[in-house]
Amino acid sequence: MHQFEKLKIWQKSMDIAEKIYRISAELPNDERYNLISQIKRCAVSIPSNIAEGSGRNSKKEFVQFLGIANGSSFELITQLMLLKRLNIIQEEKIQQLIDELVEVCNMNFALQRRLSHPTAQS
């Protein structure tokens, strides 16, 4: 359906995933199997679902996978807010990531609307 590597939303979500992996290295070891594992899974889920959805057979399926990616985005935002509340990572780093995730969510909603529009091409 789409060449997902060319989608700006996929590119931005890959950048976020990379940053999450880098920040994860700064988290305490006792969080390795808890929060670190969870935020990494969420971060990887976003571009993965965008890519998978773009390879599906219909716009409706693509929109469904974009919805899953958005769910992962909101889950990741929540986990980052928890890191901020616990003072585990510098607030500036967390807020920058949250701002980037909000941007990806906005792009996602716009893409979903465009794909759901009756005149959108498959």
Side-chain angles (χ1 to χ4, degrees):
M1 183 177 228
H2 291 92
Q3 292 180 327
F4 65 88
E5 306 96 324
K6 293 184 179 181
L7 295 172
K8 285 192 185 278
I9 187 173
W10 180 84
Q11 294 168 2
K12 286 184 179 284
S13 62
M14 285 291 287
D15 291 344
I16 291 169
E18 180 182 343
K19 290 174 185 176
I20 289 295
Y21 267 76
R22 293 186 194 287
I23 276 188
S24 295
E26 299 176 31
L27 294 173
N29 281 337
D30 64 337
E31 287 296 337
R32 175 163 287 132
Y33 300 106
N34 297 315
L35 201 50
I36 293 173
S37 175
Q38 189 64 29
I39 65 172
K40 284 181 173 180
R41 281 195 308 270
C42 284
V44 170
S45 174
I46 301 165
S48 296
N49 277 292
I50 293 166
E52 184 173 354
S54 73
R56 292 297 175 137
N57 295 322
S58 70
K59 293 181 291 183
K60 184 177 179 179
E61 286 181 290
F62 192 7
V63 169
Q64 179 183 359
F65 278 87
L66 289 171
I68 295 167
N70 244 7
S72 293
S73 298
F74 283 103
E75 186 177 352
L76 183 54
I77 289 169
T78 299
Q79 293 156 2
L80 292 173
M81 288 176 156
L82 180 58
L83 288 175
K84 188 164 70 170
R85 288 176 78 160
L86 295 172
N87 295 314
I88 294 176
I89 295 284
Q90 295 172 344
E91 185 173 345
E92 299 80 35
K93 288 183 182 180
I94 297 299
Q95 193 56 54
Q96 180 183 358
L97 277 168
I98 290 171
D99 293 345
E100 290 177 40
L101 280 160
V102 168
E103 181 183 3
V104 165
C105 288
N106 290 335
M107 293 172 72
N108 191 325
F109 285 130
L111 181 55
Q112 286 182 56
R113 275 193 309 273
R114 195 175 83 224
L115 290 169
S116 297
H117 191 272
T119 61
Q121 297 179 358
S122 301

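All values derive from a computational prediction rather than experimental measurement.
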Residues pairing under salt bridge (Lys or Arg N to Asp or Glu O under 4.0 Å) where one sits in residues 42-55, two or more places apart or in two chains, turn out to be E52-R56
Could you tell me the separation between the CG atom of L101 and the SG atom of C42, rounded to the nearest 0.5 Å?
10.0 Å
Qualifying ring-ring contact (aromatic ring centres under 6.0 Å, His included) pairs with a residue from residues 77-102, counting only residues at least two apart or across chains
none
Residues two or more places apart in sequence or in another chain: which of them pass side-chain contact (heavy atoms from CB on, under 4.5 Å) with K6?
Q3
So if you build clusters from Ile, Leu, Val, Met, Phe, Trp, Tyr with side-chain heavy-atom gaps below 4.5 Å, do L27 and I77 land together?
yes
Same cluster or not: are I50 and V102 linked, directly or through other Ile, Leu, Val, Met, Phe, Trp or Tyr residues, by side-chain heavy atoms under 4.5 angstrom apart?
yes
S37 meets the side chain to side chain donor-acceptor pair (under 3.5 Å) criterion, sequence neighbours left out, with R41
Shortest non-hydrogen pair, P28 vs I88, comes out as CD-CG2, 3.6 Å
Is it the case that over 12 heavy atoms from other parts of the model lie below 6.0 angstrom from the NZ atom of K12?
no
Non-neighbouring partners of D30 that pass side chain to side chain donor-acceptor pair (under 3.5 Å), sequence neighbours left out
none
Between F4 and L115, is there a shared hydrophobic cluster once you connect ILVMFWY residues whose side-chain heavy atoms come closer than 4.5 Å?
yes
Applying salt bridge (charged side-chain N to carboxylate O under 4.0 Å, His left out), can you list everything that pairs with E91, at least two apart in sequence or on another chain?
none
Applying side-chain contact (heavy atoms from CB on, under 4.5 Å) to M14 and not counting sequence neighbours gives W10, P47
Evaluate the side chain to side chain contact (heavy atoms under 4.5 Å, CB included) criterion for residues I20 and I16: first the C-alpha distance (whole Å), next the side-chain angles of each, then the deciding distance (0.1 Å), finally the verdict.
CA-CA 6 Å; I20 289 295; I16 291 169; 4.2 Å; yes
If the condition is side chain to side chain donor-acceptor pair (under 3.5 Å), which residues does R85 pass it with, not counting sequence neighbours?
none
Side chain to side chain donor-acceptor pair (under 3.5 Å) filter on Q95, not counting sequence neighbours, yields K84, D99
Any chance you could measure K19, atom NZ, to Q96, atom CD, to the nearest 0.5 Å?
5.0 Å
Identify the two heavy atoms, one from M107 and one from I9, that lie closest to each other, and give their separation to 0.1 Å.
CE-N, 3.4 Å
Partners of Q90 by side-chain contact (heavy atoms from CB on, under 4.5 Å), sequence neighbours excluded?
E92, K93
Output for pair (S24 OG, R22 CZ), nearest 0.5 Å, gives 11.5 Å
Salt bridge (charged side-chain N to carboxylate O under 4.0 Å, His left out) partners of K40, counting only residues at least two apart:
none
Do L80 and V44 share a hydrophobic cluster (ILVMFWY, side-chain heavy atoms under 4.5 Å, transitive)?
no
Say whether L83 and Y21 are linked into one hydrophobic cluster, either directly or through other cluster members, by side-chain heavy-atom distances under 4.5 angstrom.
no
Under 3.5 Å, sequence neighbours excluded: what are the donor-acceptor pairs made by side chains of residues 61-73?
residue : atom : partner : partner atom : Å
E61     : OE1  : N57     : N            : 3.1
E61     : OE1  : S58     : N            : 3.4
N70     : OD1  : N108    : ND2          : 3.3
S72     : OG   : S45     : OG           : 2.8
S72     : OG   : I68     : O            : 3.4
S73     : OG   : A69     : O            : 3.0

d(K59 NZ, L111 CG) to nearest 0.5 Å is 12.0 Å
